[in-house]
There are 2 protein chains.
Amino acid sequence: MPSDQQSEHSDQPVDELDAKLLLLLTDEPRLGVLECSRRLGVARGTVQARLDRLVERGVLTGFPPAVDLGAMGYGLTAFATVEIAQGRRAEVCEGLAAISEVCEVHATTGQGDLFVRMVARSNADLQRVVDHIVDVPHVRRLSTSIALSTPVPPRVRPLLERVKGRPPK
Amino acid sequence: MPSDQQSEHSDQPVDELDAKLLLLLTDEPRLGVLECSRRLGVARGTVQARLDRLVERGVLTGFPPAVDLGAMGYGLTAFATVEIAQGRRAEVCEGLAAISEVCEVHATTGQGDLFVRMVARSNADLQRVVDHIVDVPHVRRLSTSIALSTPVPPRVRPLLERVKGRPPK
DNA sequence: AATTCACAGGACAATTTGTATAGTGATCTA
DNA sequence: TAGATCACTATACAAATTGTCCTGTGAATT
């Protein structure tokens, strides 16, 4: 028997209405609860309840402002694979986190390596950032590659759209 | 009374007040214009104008709902480096975009390769997704690694915070 | 010196939100 | 099978917020 669960059966974390709501908000995030209810053809209370539950379940974590770093002057995005000294991940991550231009770090399988996404204002600036990373203690090797384009920008949409296809009985 | 005085160089896409506003919204994205103006100690019209200008300049692109894929059942995140046949990038990207689990694709320097971020429900599911990718025409080689943890989740904060420090050098 | 800008501060109507309450059908439970 | 729940519709109302428009004041630009 699995661990704790309030209603382990039927309930998938997100049903079709939830998905529709999330898709609607994806397209027009500033919509209010009332407007959402109108668009979805349900009562306002329902939308309110759904939203609350999505937040409760941790599915919807918020509505952070999407800032275009390019428009802010950081026109370059680069990825780096970082090889580090065994057992020093925490320290290295701390060092990386201290670098403003480091926008994301993942620990990945492979050889206990880290994967880093960073931005820079120019090639020269990227050089500086890379040097900064290399200077982080316990960083052994750094392999950088620059993003030339982003054919598929970060998205969740398809996953949400697929929920629609679920047996709405 | 202390008024603003550093707007002479309209070159900077984001000034300190803009950054503060974005940071505030980063922390509490559902705040309304009025509440923002109170927190920042400026007039409501100012906040409204700033927000409009940020959108105009393309810095603020919206407030998309942040969906936690983990909470939705996609507990696995993986990255893949994809080697493709010369000159087939567009086709391959199209094929990748058609896979729901593919959440992001970048074309990178290196060897005209692609970098892919994807999610899956389980290891078995990941296998399926990977197979799917390999099946995309013109995909030559695929090197996958799983994200074990995310020491630094996607962030913009440090870059915004730095704006506060006035024209650096 | 004149003009333009960004911002503070205020005013007003229309809309939205926060919160309740009642009614209905479907599902779960003892 | 008779309750008890649960999710949703439909309403209601006060309080708060939004969309606009205006005035006045410094500071920067011309």
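So you know, we letter chains A, B, ... as the sequences are listed, proteins then strands, and number each from 1.
- The CG-P distance, from Asp52(B) to dC7(C), rounds to 12 Å in whole Å.
- Considering only heavy atoms from C-beta on, Leu160(B) comes within 4.5 Å of Met72(A) through its side chain.
- Leu25(B) and Val55(B) fall within the same hydrophobic cluster, defined by Ile, Leu, Val, Met, Phe, Trp and Tyr side-chain heavy atoms under 4.5 Å apart, directly or through other members.
- For the pair Arg155(A) (side chain) and Ala97(B) (backbone), a donor-acceptor distance under 3.5 Å is present.
- What separates CG of Leu34(B) from P of dT18(D) is a distance of 6 Å, to the nearest Å.
- Mapping Arg38(A) and Gln48(A) onto DNA chain C by nearest heavy atom places Arg38(A) closer to the 5' end of the strand.
- The side chain of Val33(B) has dT18(D) as its nearest neighbour among dC8(D), dT18(D), dC7(C).
- Atom CG in Leu31(A) sits about 17 Å away from atom P in dT15(C), given to the nearest Å.
- If you measure from atom CG of Leu21(B) to atom P of dA6(C), you get 16 Å, rounded to the nearest angstrom.
- No chain of hydrophobic side-chain contacts below 4.5 Å, direct or via other Ile, Leu, Val, Met, Phe, Trp or Tyr residues, connects Ile99(A) to Phe115(A).
- Between the CG atom of Leu51(A) and the P atom of dC8(D) there is a distance of 12 Å, given to the nearest Å.
- Taking a cutoff of 4.0 Å between a charged side-chain nitrogen and a carboxylate oxygen, Asp27(B) and Arg39(B) do not qualify as a salt bridge.
- Protein atom CG of Leu17(B) is 15 Å distant from nucleotide atom C1' of dC5(C), rounded to whole Å.
- Side-chain atoms of Thr46(B) lie closest to dA8(C) of the nucleotides dC8(D), dA8(C), dT17(D).
- Between Arg30(A) atom CZ and dT17(D) atom P the separation is 14 Å, expressed in whole Å.
- Between Glu56(B) and Arg53(B), none of the side-chain N atoms (NZ, or NE/NH1/NH2) sits under 4.0 Å from a carboxylate O, so this pair counts as no salt bridge.
- Rounded to whole angstrom, the span from the NZ atom of Lys20(B) across to the P atom of dC7(C) amounts to 13 Å.
- A salt bridge links Glu101(B) and Arg162(A); the closest N-O separation between the charged side-chain nitrogens and carboxylate oxygens is under 4.0 Å.
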Polar pairs (N or O, both sides) under 3.5 Å between protein and nucleotides 10-13 of chain D?
{"unit_1": "dA12(D)", "atom_1": "N6", "unit_2": "Arg44(A)", "atom_2": "NH2", "d": "3.2"}

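- The phosphate of dC8(D) (OP1 or OP2) has a side-chain N or O of Arg53(A) nearer than 4.0 angstrom.
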